[in-house]
Amino acid sequence: MLITLYLIGTTLLFKALGFAREVLVAQFYGTGPVTDAYVIANSIPTVLIQALGTALAATFIPVFARVENEAGKVRAEEFTLRLLLLVFFICTVMVGVGEVFSHQLVRLFAPGFYGETLIFTDRFVSILLPCLIFMSIMNILGAYLQYHQQFRVIGVVPAVGNLVIIIALLAANYIGDPVLFVWGTLLGICSQVLFYVYSIRRNHLWHIPLRWSSLMFRDKYVKMLLPLLLPVFVGSAVNEINTVVGKSLASGFSGGSVAALDYAGKLVMIISSVLLGGLTTVFFPDLAKAAVRRNMPRFTELATKLNSVVVLVLLPIMAETIFFRREIVTMIFRRGAFDETAVELTAAILIFFSLGLVGMGIREILTKMFYAMQDTKTPMKNGVACALLNILFSVVLARYIGVCGLGLAASLAAVIAAVNLWRKAVCRGWLTCSLWDWGKVVLATAVMISGQVFLCSMPISEGNGSLFWALLQAISTGLFLYGISLYGLQHSVALSLKEKMEGKWRNRA
């Protein structure tokens, strides 16, 4: 429990620094051509980074656990080294090809860009493409540290990377050259890899020498991982392509639509990842070990508890985000070049992105479950089907409700994906149904929002400092009402938490 709270806390730090970065970008560049260019330029390598990184992180831990169980720790480290060399080789080739065809990539990802925005995007893409190499290596090293329960460095290092980027952003604004900010983004990612390597060496987790002559393609465990890796990569790439399709369609709307879509999407992703990052980092190795040992009662217990916690936390957060959407956007971004028009557009998109928050969380946890059972094809098929639906929804809804339709399309796709995976997991006996507890969460959330409507009010002047305190008071009141309602409804997690607190109190007494 303490480890989970620590990881949630460090994730909050990391996300807070990420927020600070986004706030500074909004303040310095608003929703202008530099921001639009950076969003698209960052998205191009991110499609590959997130897809390959997610695939590596998801498949590495189950295979590493199997290698260590069958052949020992030294052999598992040898497998890790060979995988690192293989990924380095593949990513270097991909970056080389991407640099040659960088302009064509920009035209593919942002067909609506022209003039100054297009020039900025071309320059930014060439700088950011090498991120693919460092991020892929970082995902393997992060999974290696995660398996060895080195959670401290996993939580802190991303914050260090964001700090480097913020320093570069401040320097870029002072000098007046946004390209320096883009170079800082690359440097921030490189610094995280160095910290991971340092942590592995410092904690004496590595016991074999670095042998560049290792035959990476002849390692039987690498060969075992590759068939698992490919479906995860395809499924993750499809999800990332969904995001890029949305931004590509947004590039055809009025100037600043890409940036507003990105800001709203990041708000929702940051909210969900704070919880999911801590939970999956701590519990995924346990899920993988239970799956390898075929301890299905333990696996089902962990999986059911994880999904219950996700719904318990994300549903009220979804309601609060929708209810206070304008206040949240104003408090975070309303300064400098980020004007009232940008606030209205971002807040409107945020409504539709928030509708899929619970679906995104459940989909993430269920996908990890399937990966732990070394079933990577089911999430891939599910991801591809829902990606096609997302693209279809995006094209249709964007025509009728504009850029807000892109957020609604993403939410609908996430909910459909979660429902489909849930159905399959229950049919296989990996989950027990907890719909009754979910109903209690819905009722408690309704009580929370109703209480806030009657008890709380926002200041008329939203540009002053009182907005923060009013929002803090409203959310605190809502959380109090939510907690009391859960306890009154006898929710299982609330009762379990009460019993643990009473036990600790008795022990101290």
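Just so it is clear, the structure is predicted and the values come from calculations on it, not from any experiment.
With no hydrogens or angles considered, a side-chain donor-acceptor pair links R423 and N420 at under 3.5 Å. Side-chain contact of R75 with T80: a donor-acceptor pair under 3.5 Å is absent, judged by distance alone.
Between R363 and A417, the shortest heavy-atom distance links the atoms CD-CB, 3.6 Å. Among all heavy-atom pairs drawn from V95 and L129, the shortest one is CG2-O, 3.5 Å. Nearest approach of T300 to G429, heavy atoms of both residues: OG1-O, 3.4 Å. A pairwise comparison of heavy atoms in A414 and M360 identifies CB-CG, 3.7 Å as the closest pair. Across all non-hydrogen atoms, the minimal contact from S354 to I322 is CB-CG1, 3.6 Å. In plain terms, the two heavy atoms of L366 and A418 that are nearest each other are CD1-O, 3.6 Å.
T378 places a side-chain heavy atom less than 4.5 Å from the side chain of R428. Counting only heavy atoms from C-beta outward, the side chains of L357 and I317 approach each other to under 4.5 Å. With contacts defined as side-chain heavy-atom distances shorter than 4.5 Å, the pair L392/S394 does not qualify. F299 has its side chain within reach of M369: a pair of non-hydrogen atoms, C-beta onward, lies under 4.5 Å apart. A heavy-atom distance below 4.5 Å is not found between the side chains of L489 and V441. Counting heavy atoms from C-beta outward, I401 and L408 have side chains that approach closer than 4.5 Å. When side chains are defined from C-beta on, M135 does not count as touching V193, because their heavy atoms never get closer than 4.5 Å. Looking only at side-chain heavy atoms (C-beta outward), M331 and E327 stay at 4.5 Å or farther from each other.
Considering only residues two or more places apart in sequence or on other chains, R325 meets the salt bridge (charged side-chain N to carboxylate O under 4.0 Å, His left out) condition with none of them. In terms of the side-chain hydrogen bond (donor to acceptor under 3.5 Å, both in side chains) criterion, T445 has no residue partners (sequence neighbours excluded). In this structure Y482 satisfies the ring-ring contact (aromatic ring centres under 6.0 Å, His included) test with no other residue, sequence neighbours excluded.
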- Checking side-chain contact (heavy atoms from CB on, under 4.5 Å) for the pair F88/L84: CA distance, chi angles, key distance, verdict? CA-CA 6 Å; F88 177 81; L84 281 168; over 6 Å; no

- Task: Could you please spell out the steps behind the side-chain contact (heavy atoms from CB on, under 4.5 Å) verdict for I133 and M94?
- Result: CA-CA 9 Å; I133 300 172; M94 293 172 68; over 6 Å; no

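A distance of 5.5 Å separates NZ in K73 from CD in E68, rounded to the nearest 0.5 Å. Summarising the geometry, atom CG belonging to L397 is positioned 11.0 Å from atom SG belonging to C404; distances are rounded to the nearest 0.5 Å. Here the CE-CH2 distance, from M373 to W430, works out to 5.0 Å after rounding to the nearest 0.5 Å. Here L83 contributes atom CG and I140 contributes atom CD1; the two are 4.0 Å apart, rounded to the nearest 0.5 Å. In this structure, T477 OG1 and Q473 CD are separated by 5.5 Å, a value rounded to the nearest 0.5 Å. From L412, atom CG reaches atom CG of N390 across 8.5 Å, with rounding to the nearest 0.5 Å.
Judged purely by atom type and a 3.5 angstrom limit, S411 uses its side chain to pair as donor or acceptor with the backbone of F353.
Using cut-offs of 30° and 60° on the angle between ring planes, the pair Y144 and F60 is tilted. Classification of the F64-F79 ring pair by plane angle, with boundaries at 30° and 60°, yields tilted.
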